[in-house]
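Here's the structure, in structure tokens; my notes come after.
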Amino acid sequence: MPKMTLPDGRALELEDGATGFDAARSIGPRLAKAAVAVKIDGEARDLSRPLPASGRLEVVTDSTEEGRHILRHSAAHILAQAVLHLFPDATFAIGPPIEDGFYYDFDIGRAFTSEDLEAIEQRMAEIIELDQPFVRDELSKKQALQEFAAHRFKAEIIQSVDETEGAAGDAVSVYRNNGFTDLCRGPHLPSTGRLPAFKLLRTSGAYWRGDEKNPQLQRIYGTAWESRAALEEYLNRLEEARKRDHRKLGAELDLFSFPEELGSGLAVWHPKGALVRMIMEDYSRRTHLSHDYQIVSTPHIARRRLWEISQHVDFYADGMYPAIEVDEGERYVLKPMNCPGHILIYQSRPRSYRELPMRLFELGTVYRYERSGVVQGLLRARGFTQDDSHIFTTEDRLEEELQTLLDFVLMVDRDFGFEEFDADLSTKPEKSVGSDELWEKATDALRIALERAGLPYQVAEGEGAFYGPKIDIHIRDAIGRRWQMGTLQVDFAQPANFDLEYTSAENIRERPVMIHRALMGSIERFFAVMLEHYAGALPGWLSPVQATVVPVADRHADYAEQVAAGLRRGGLRAEVDLSDDTVGEKVRRAITFKHPAVFVVGDDDVEAGTVGIRFRGEDERRGVAFPDAAEELVERCRPPR
Ligand SMILES: [Zn+2]
Ligand SMILES: [Zn+2]
């Protein structure tokens with residue numbers, strides 16, 4: 001008789017041959033209804049599998065991330081089944097669940113059309129209606145190769161014995177439903193009818209194994225949820241995200257563009273975009289200066305030799321552009337990172353412990369190779385400017401320094417209007433440099449910093465870089481999306497690569513520890529996230545135009561100019577709309593551009609020295625004395641520091 005232990009410590013005894021589903025049912029009918037799998041001692045299994053003699057049992061329900069993962073896995077099978085049914089010559093590759101959905105890669109000899117997607121969705125609905133059970137089966141590698149003989153990509157997976165795709169060792173697990181079979185490790189829903197809500201979203205080209213040298217496949221993306229309501233909510237979120245897409249807003253608000261002639265992953269900044277960018281950069285420089293950083297500047301290209309010393313050519317070759325040969329045999333590369341430049345500044349003369357921690361800061365533009373398929377507007381570009389800092393510290397000041405750094409990062413994020421954060425703490429991987437003691441010290445310091453800052457965090461065990469532990473900081477935006485922004489990376493390797501030293505209080509030569517710290521990540525990426533967060537309606541201090549002055553008629557143009565000049569003297573950014581459009585059209589246009597304020601001036605205003613003001617999202621107020629209006633706008637547009 002299986003004897004299971006529940007998460008609350010209770011024991012659960014079941015009949016011989018009882019399954020995960022029986023266990024869920026004996027705990028409660030509601031739990032059984034929401035169950036999609038069970039976990040035995042942490043390992044997820046199908047509900048229909050008989051339970052072992054004992055173990056810790058946990059029921060996985062459909063509205064958890066783990067449960068949704070199983071829903072989406074099952075949805076991917078149903079998608080492949082539908083495609084293979086509708087396109088008898090189709091072959092299929094891989095179809096994993098992903099964040100918020102799933103995809104599957106196929107080859108049907110052409111791209112899918114939107115009509116195809118409709119037909120596939122229809123067929124999927126029929127398969128769900130038929131409520132076909134998913135049955136697990138285990139085959140030998142040889143049997144599996146026979147079964148998938150017609151599908152070269154599956155055969156390749158079986159050959160390559162990739163545990164994550166259902167082909168582990170000699171036993172290959174497959175799931176069958178109604179004659180359709182797919183390689184899979186599982187677990188799965190008990191049957192197709194248990195998939196409550198799904199939708200196919202789009203298609204795109206995708207290379208087999210993500211490699212351009214391989215055949216191109218057609219990928220279908222879909223999403224699946226535990227209820228119709230959850231699906232609707234997700235689709236609304238997608239629609240909201242589409243409206244907020246920074247590439248779309250960038251064009252509508254005339255901020256930046258990505259001309260084809262310029263090349264993939266590169267943007268030109270139009271006057272208004274460049275102005276916002278300048279405001280962000282000015283904020284960044286002055287905040288760093290007021291927090292004990294020193295501003296430095298380093299060139300965009302450097303001898304390849306430098307990147308050999310830093311070992312970037314060994315560990316970062318994929319992200320670097322090919323070398324440029326200048327004089328004979330002299331090879332230069334575009335900088336993918338600012339670190340070596342900052343190290344050279346540290347190294348330029350002997351350093352004493354009294355100078356540490358030394359915090360060097362640069363708005364440093366770097367160039368990184370990204371495949372054109374993954375380039376995504378300003379979020380993932382081929383050239384971008386990091387708000388990059390390298391801190392050189394003694395080992396015993398490391399903990400204190402990391403706490404100060406984390407506080408600084410959060411302060412800046414808050415200044416830009418982000419309120420919700422969490423972090424990942426990545427710890428020592430199998431292969432690493434630096435003593436265990438130093439790793440432990442640095443990792444503890446990061447952990448203490450996170451706890452003191454009250455930041456929720458997950459530990460990514462063994463996920464750190466070989467040269468040190470790190471914290472990645474994520475922010476949550478206005479529509480609940482999570483973005484990775486800042487990073488604090490401790491580095492034990494670079495100080496050794498460059499043989500960095502300082503003289504200690506005891507007059508001994510010691511090696512400093514280095515911290516890499518990008519706070520916004522890059523100005524471009526932060527700009528994009530911020531633009532999407534605010535849906536284009538930037539806070540007053542960041543708005544390229546803070547007030548548009550609209551004269552009611554031509555005869556008010558002079559007064560409008562005076563009002564704008566007055567605002568500019570008060571340090572505000574104001575423009576006058578002198579177009580031939582009607583007042584209504586001008587006000588509407590100013591609203592479309594999401595400027596914080598519109599000042600409308602007519603006869604009464606010229607007479608009395610007043611303005612009509614309309615702040616974004618508020619009702620119009622007429623006849624406000626100009627100095628009061630200006631003062632209020634200054635107040636609303638005051639930078640956070
Ligand atoms: Zn599967
Ligand atoms: Zn660095």
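Indexing begins at 1, ligand by ligand and atom by atom, following the structure's order.
Closest to the Zn ion (ligand 1) among the N, O or S atoms of H77 is NE2. Per residue H516, closest N, O or S atom to the Zn ion (ligand 2): atom name ND1.
The Zn ion (ligand 2) forms the vertex of an angle spanning NE2 of H390 and SG of C339; to the nearest 10 degrees it equals 100°. Here the angle at the Zn ion (ligand 1) defined by NE2 in H188 and ND1 in H73 stands at 100°, rounded to 10 degrees.
Aromatic pair W307/Y316: ring centres not closer than 6.0 Å. A ring-centre distance under 6.0 Å is not found for F87 and F106.
Between K154 and E147, none of the side-chain N atoms (NZ, or NE/NH1/NH2) sits under 4.0 Å from a carboxylate O, so this pair counts as no salt bridge.
A donor-acceptor contact under 3.5 angstrom links the side chains of D131 and S191, judged on distance only.
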